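A quick write-up on the structure given underneath.
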Amino acid sequence: MSEIAPDLLDELNEKRTPDKGLPPLECTDHVVMRFAPNPNGPATLGSARGIIVNSEYAKRYHGRFIIRFDDTDPKTKRPLSDAYNWYLEDCRWLGAEPDEVIIASDHIEMYYDYARQLIEKNAAYICFCEKDEFKKYKDSAVACPHREQDINTTLENWQDMLDGKYAPEKAVLRIKTDMLHKDPAIRDWVAFRIVDTPHPRPEIRDRYKVWPLLDFESAIEDHLLGITHIIRGKDLIDSEHRQRYVYKYFNWKYPETLHWGRVKIHEFGKLSTSSMSKAIKEGKYTGWDDPRLPTLRAMRRRGMQPEAICKFFIELGVGETDIGLSMENLYAENRKVVDQTSKRFFFTPEPVKLIIRDAPVTVAKPMLHPSHRNWGNRLISVAGNVLISKSDAEKIKENELLRLKDLYNIKILKKTAEVITAEHIGGGIEIVRKKKGKIIHWVVPDGPNITVLNVTGEEKGIGERGISDCAGEVVQFERYGFVRIDSVKDNKVTAYFAHK
RNA sequence: GCUCCGAUAGUGUAGCGGCCAAUCAUUUCGGCCUUUCGAGCCGAGGACUCGGGUUCAAAUCCCGAUCGGAGCACCA
């Protein structure tokens with residue numbers, strides 16, 4: 001077959017190769033995609049999915065990628081001034097530089113204008129019902145008394161609303177959909193409400209009392225920006241149904257949509273932006289970049305690499321089912337990157353003394369990276385007195401033969417809770433290998449104090465001298481894991497744990 | 001309660017009528033290699049929610065059940 005029809009064979013083989021990652025889009029001309037966060041906190045791993053996937057599609061089809069801040073709720077999900085820039089930093093870090101940045105709160109008057117047009121089309125009305133009252137109408141599919149108000153009166157009421165004549169919760173602008181729509185979620189939804197809390201942006205502050213809700217703001221923006229494809233969480237599926245009414249009134253074409261399910265990461269559980277914010281204020285976390293948090297700022301501080309995060313989310317695809325993930329998957333991706341680029345060092349948490357009798361004074365020369373011989377070696381002078389990790393010490397038995405990695409073989413003589421005594425034994429690694437002895441790491445006692453901050457707390461110990469020169473770098477503590485050296489001060493090093 | 005949606009190995013995915021005794025990644029377990037319990041290499045294990053139907057043929061189509069999720073906010 002390979003001789004008579006090689007093409008056919010290729011085709012067969014090709015069909016067997018699975019489609020990895022993102023499915024192709026329909027309508028691939030002039031692709032414009034957006035990611036529209038509320039900047040009420042920094043980007044998290046969840047945001048990263050939105051940033052990466054939207055941006056990746058835009059790149060793939062030579063289109064444009066827009067970041068739009070949907071910051072139209074000054075009260076309930078109040079934006080955080082710093083978060084606007086944080087988002088942009090994080091996008092850049094992920095290699096998803098936006099072609100354009102839009103801030104919804106800059107466009108409030110424009111939304112007012114479209115609202116007026118809808119009123120004039122008899123497609124919207126001012127509703128004075130109380131929340132609960134309207135819910136009753138909605139649930140029984142009956143129009144409320146304000147729905148049939150004439151256009152001129154509605155225009156006057158709208159102006160009164162803008163002029164601040166109504167208190168919060170006294171009036172809203174609703175979009176007329178269909179009170180008989182079988183899904184109650186779609187019936188006459190609210191487009192604008194009154195909020196008297198000032199906006200956090202200094203240039204806005206108390207300029208507006210009437211604020212649009214997501215469905216309205218997003219509907220108008222998506223059209224004006226020429227968005228061709230929207231990819232977002234499936235919690236916004238009903239949004240599309242609501243927004244289509246606005247599109248119909250204006251005769252606009254709705255973008256293609258794709259939705260994904262909820263992502264729950266086992267290690268972090270349910271951490272909403274607002275609950276994190278609260279916990280930080282209470283002092284439960286040191287800040288938004290606390291290593292126990294799923295923010296991108298925290299990931300960066302721990303030494304997670306942007307390319308690993310990107311690869312991870314692209315291969316995840318865009319399924320609509322809800323998924324539960326373990327960070328292990330992301331760690332595996334990151335390990336592939338950092339393993340090749342990280343220097344190796346020894347670090348002994350909760351060190352235990354090990355005294356070696358008859359030890360020659362010598363210099364150990366472990367490699368900086370086992371597969372990059374040309375990186376050179378660390379040089380460690382050893383006199384016969386070292387420290388080992390408590391976890392290793394606990395497993396050690398008297399008379400055991402073991403090897404101090406890159407140093408020499410020893411035989412354990414005596415073990416107490418505080419100190420272990422051993423004697424030096426000549427010979428190479430083969431002896432230990434042959435007897436299936438352990439090879440453990442060690443440090444000399446005068447190394448820097450190291451604190452490793454991890455997802456559950458912290459660990460303290462002693463490390464190699466060379467670690468002090470690695471501030472900002474991701475290194476591997478051998479047999480311990482990958483960490484990012486966060487700061488070095490005097491003889492104290494703080495490291496953020498990434499993963500094993 | 002009302003309206004939608006989904007269900008493939010431990011986890012996440014591919015497949016969407018015949019290439020499927022089901023893909024790929026990760027995880028797990030062996031072995032090799034290695035002065036790390038890291039990486040690499042080799043190998044193994046592990047899944048179509050259930051019940052009916054349509055069809056010569058179903059993971060793929062239809063119906064029902066079960067389970068899970070989302071929306072029904074003057075949040076995004």
Side-chain angles (χ1 to χ4, degrees), chain A residues 12-13 15-21 23 36-40 70-73 75-79 127 129-131 134-135 138-139 141 168-174 181-187 189-195 210-211 213-215 217-218 232-239 241-242 259 261-264 266 272-274 311-312 315-317 319-326 328-333 335-336 338-340 342 344 346 364-367 369-371 391-392 403-409 428-430 432-433 438-441 476-482 500:
Chain A
L12 278 174
N13 290 339
K15 190 157 185 194
R16 296 289 294 176
T17 26
D19 292 343
K20 283 299 297 176
N38 175 2
N40 60 339
D70 284 352
D71 59 345
T72 57
D73 177 8
K75 196 176 175 188
T76 320
K77 285 193 178 169
R78 187 176 171 77
C127 176
C129 294
E130 299 249 325
K131 260 183 268 189
F134 188 83
K135 184 169 165 52
K138 182 172 66 180
D139 288 346
E169 307 208 354
K170 292 300 175 204
V172 294
L173 183 78
R174 286 187 188 278
H181 196 288
K182 60 180 178 173
D183 184 351
I186 310 303
R187 296 173 193 159
W189 47 273
V190 176
F192 287 85
R193 84 306 204 179
I194 300 161
V195 183
V210 175
W211 286 89
L213 281 101
L214 171 84
D215 284 316
E217 174 266 326
S218 183
R232 57 186 167 197
K234 70 175 181 183
D235 48 321
L236 292 171
I237 277 181
D238 286 339
S239 253
H241 298 134
R242 284 190 285 262
H259 298 93
R262 270 248 188 291
V263 179
K264 201 169 76 189
H266 301 314
S272 66
T273 303
S274 41
K311 191 151 177 277
F312 177 73
E315 290 187 354
L316 204 56
E320 241 179 72
T321 44
D322 301 316
I323 53 181
L325 289 174
S326 165
E328 284 305 325
N329 298 281
L330 185 51
Y331 293 157
E333 215 56 71
R335 192 178 294 121
K336 285 178 197 162
V338 295
D339 182 69
Q340 285 307 307
S342 303
R344 268 55 174 172
F346 291 152
K365 297 172 185 166
M367 284 186 287
H369 192 293
S371 4
S391 58
D392 281 329
R403 183 173 177 84
L404 297 175
K405 186 172 181 288
D406 301 300
L407 188 57
Y408 42 56
N409 302 333
I429 186 168
E430 327 75 58
V432 176
R433 279 252 171 85
K438 289 195 195 88
I439 299 171
I440 64 170
H441 64 279
Q476 188 201 45
F477 287 164
E478 294 195 46
R479 305 204 312 134
Y480 182 83
F482 292 93
K500 256 198 87 69

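By convention in this document, chain letters (A, B, ...) are assigned in the order of the sequence lines, proteins followed by strands, and residues within each chain are numbered from 1. Computed from a predicted structure; not experimentally measured.
- Taking atom P on both nucleotides, G45(B) is separated from G30(B) by 15 Å, rounded to a whole Å.
- A distance of about 44 Å separates the C1' atoms of C42(B) and U55(B), rounded to the whole Å.
- The phosphate of U36(B) (OP1 or OP2) has a side-chain N or O of Arg433(A) nearer than 4.0 angstrom.
- Counting any heavy atom pair closer than 4.0 Å across all strands shown, Val190(A) reaches sugar-phosphate atoms only and no base atom.
- In this structure, Lys405(A) atom NZ and A39(B) atom C1' are separated by 12 Å, rounded to whole Å.
- Spacing between atom NE2 of His441(A) and atom P of U34(B) amounts to 22 Å, rounded to whole angstrom units.
- Nucleotide G64(B) has C50(B) as its partner under the Watson-Crick or G-U criteria, with both atom distances under 3.5 Å.
- Nucleotide U3(B) has A70(B) as its partner under the Watson-Crick or G-U criteria, with both atom distances under 3.5 Å.
- Distance CD1/Ile194(A) to CD/Glu169(A): 9.5 Å, rounded to 0.5 Å.
- Remark: the separation of the C1' atoms in A39(B) and U26(B) is 16 Å, to the nearest Å.
- Contacts of Lys500(A) with the nucleic acid, taken as non-hydrogen atoms under 4.0 Å apart, involve only primed sugar atoms and P, OP1 or OP2.
- Nucleotide A58(B) is matched to nothing when pairs are restricted to Watson-Crick or G-U wobble geometry with both distances under 3.5 angstrom.
- The OG1 atom of Thr273(A) lies 8.0 Å from the CG atom of Asn38(A); values are rounded to the nearest 0.5 Å.
- With rounding to whole Å, Glu333(A) atom CD is found 9 Å from U26(B) atom C1'.
- Counting any heavy atom pair closer than 4.0 Å across all strands shown, Thr72(A) reaches sugar-phosphate atoms only and no base atom.
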* To do: Do nucleotides 58-66 of chain B as a string where each nucleotide becomes B, S or -: B if the base has a protein heavy atom under 4.0 Å, S if just the sugar-phosphate does, - if no protein is that close.
  => ---------

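- Separating the C1' atom of C50(B) from that of U8(B) is a span of 15 Å, rounded to the nearest Å.
- Taking side-chain N and O atoms only, Arg193(A) has a distance below 4.0 Å to OP1 or OP2 of A76(B).
- Closest to the Thr76(A) side chain, of the nucleotides C5(B), C75(B), U36(B), is C75(B).
- Rounded to the nearest Å, the gap between the C1' atom of U66(B) and that of A76(B) is 33 Å.
- Whole-Å rounding puts the Ile440(A) CD1 to U35(B) P distance at 18 Å.
- Distance NE2 (His241(A)) to P (U3(B)): 15 Å, rounded to an integer number of Å.
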* To do: Run the numbers on Leu213(A) and Val172(A) for side-chain contact (heavy atoms from CB on, under 4.5 Å), then give the verdict.
  => CA-CA 11 Å; Leu213(A) 281 101; Val172(A) 294; over 6 Å; no

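- Rounding to the nearest 0.5 Å places CD1 of Ile323(A) at 4.0 Å from CG of Leu316(A).
- Residue Asn329(A) has its side chain nearest to U26(B) when only G38(B), U26(B), U36(B) are considered.
- Rounding to the nearest 0.5 angstrom, the gap separating the NE2 atom in His181(A) from the NE2 atom in His241(A) is 7.0 Å.
- Under the salt bridge (charged side-chain N to carboxylate O under 4.0 Å, His left out) rule, Glu478(A) has a single partner from Lys405(A), Arg344(A), Lys500(A), which is Lys405(A).
- Salt-bridge annotation for Asp183(A) and Arg242(A): absent, with no side-chain N of the basic residue lying under 4.0 Å from a carboxylate O of the acidic one.
- Between Asp71(A) and Pro39(A), the shortest heavy-atom distance links the atoms CB-CD, 3.9 Å.
- The side chain of Asn38(A) approaches A76(B) more closely than any other nucleotide in the set U26(B), A76(B), C74(B).
- Atom name C1', nucleotides G12(B) and G6(B): the rounded distance is 15 Å, in whole Å.
- Atoms CZ (Phe346(A)) and C1' (U36(B)) sit 8 Å apart, rounded to a whole Å.
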* For salt bridge (Lys or Arg N to Asp or Glu O under 4.0 Å), just list the numbers for Asp339(A) and Arg335(A), CA-CA rounded to whole Å, side-chain angles, deciding distance to a tenth of an Å, and then say yes or no. => CA-CA 5 Å; Asp339(A) 182 69; Arg335(A) 192 178 294 121; over 6 Å; no

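- Each of Asp392(A) and Phe134(A) was matched to the nucleotide of RNA chain B holding its nearest heavy atom; the match closer to the 5' end belongs to Asp392(A).
- Only the C1' atoms considered, G52(B) is 40 Å distant from C29(B), to the nearest whole Å.
- Atom-to-atom, NZ of Lys75(A) to C1' of A73(B) comes out at 13 Å; the value is rounded to the nearest Å.
- Judged by Watson-Crick or G-U wobble contacts below 3.5 Å, the nucleotide C16(B) has no partner.
- Across the protein-nucleic acid pair, Tyr331(A) atom OH and G12(B) atom P stand 17 Å apart, rounded to whole Å.
- The listed nucleotides are A39(B), C74(B), C4(B); the one nearest the side chain of Lys182(A) is C4(B).
- For Tyr480(A), the ring-ring contact (aromatic ring centres under 6.0 Å, His included) partners at least two apart in sequence or on another chain are Phe347(A), Phe497(A).
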Contact list (N/O, under 3.5 angstrom) for nucleotides 70-72 of chain B vs protein:
residue, atom, partner, partner atom, Å
G71(B), O4', Asp238(A), OD2, 3.4
G71(B), O2', Asp238(A), OD2, 2.6
C72(B), O3', Lys138(A), NZ, 2.6
C72(B), O2', Lys138(A), NZ, 3.4

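- When each of A76(B), U3(B), A25(B) is scored by its nearest atom to the side-chain atoms of Lys336(A), the top-ranked nucleotide is A25(B).
- Atom P of A65(B) sits at a distance of 14 Å from the matching atom of C4(B), rounded to the whole Å.
- For Gln476(A), the listed nucleotide lying nearest its side chain is G38(B); candidates were A76(B), G38(B), U26(B).
- Contact check for Lys75(A) versus Trp211(A): no side-chain heavy atoms found under the 4.5 Å cut-off.
- Heavy atoms of Arg187(A) sit nowhere under 4.0 angstrom from any nucleic acid atom.
- Separating the CD atom in Glu333(A) from the CZ atom in Phe312(A) is a distance of 8.0 Å, to the nearest 0.5 Å.
- Around the CD atom of Glu130(A), the shell of radius 6.0 Å holds no more than 12 heavy atoms that belong to other residues, nucleotides or ligands.
- In this entry U28(B) has A44(B) as its Watson-Crick or G-U wobble partner, both defining distances falling under 3.5 Å.
- Within the 4.0 angstrom heavy-atom criterion, only backbone atoms of the sugar-phosphate kind lie near Gly324(A); the bases stay farther away.
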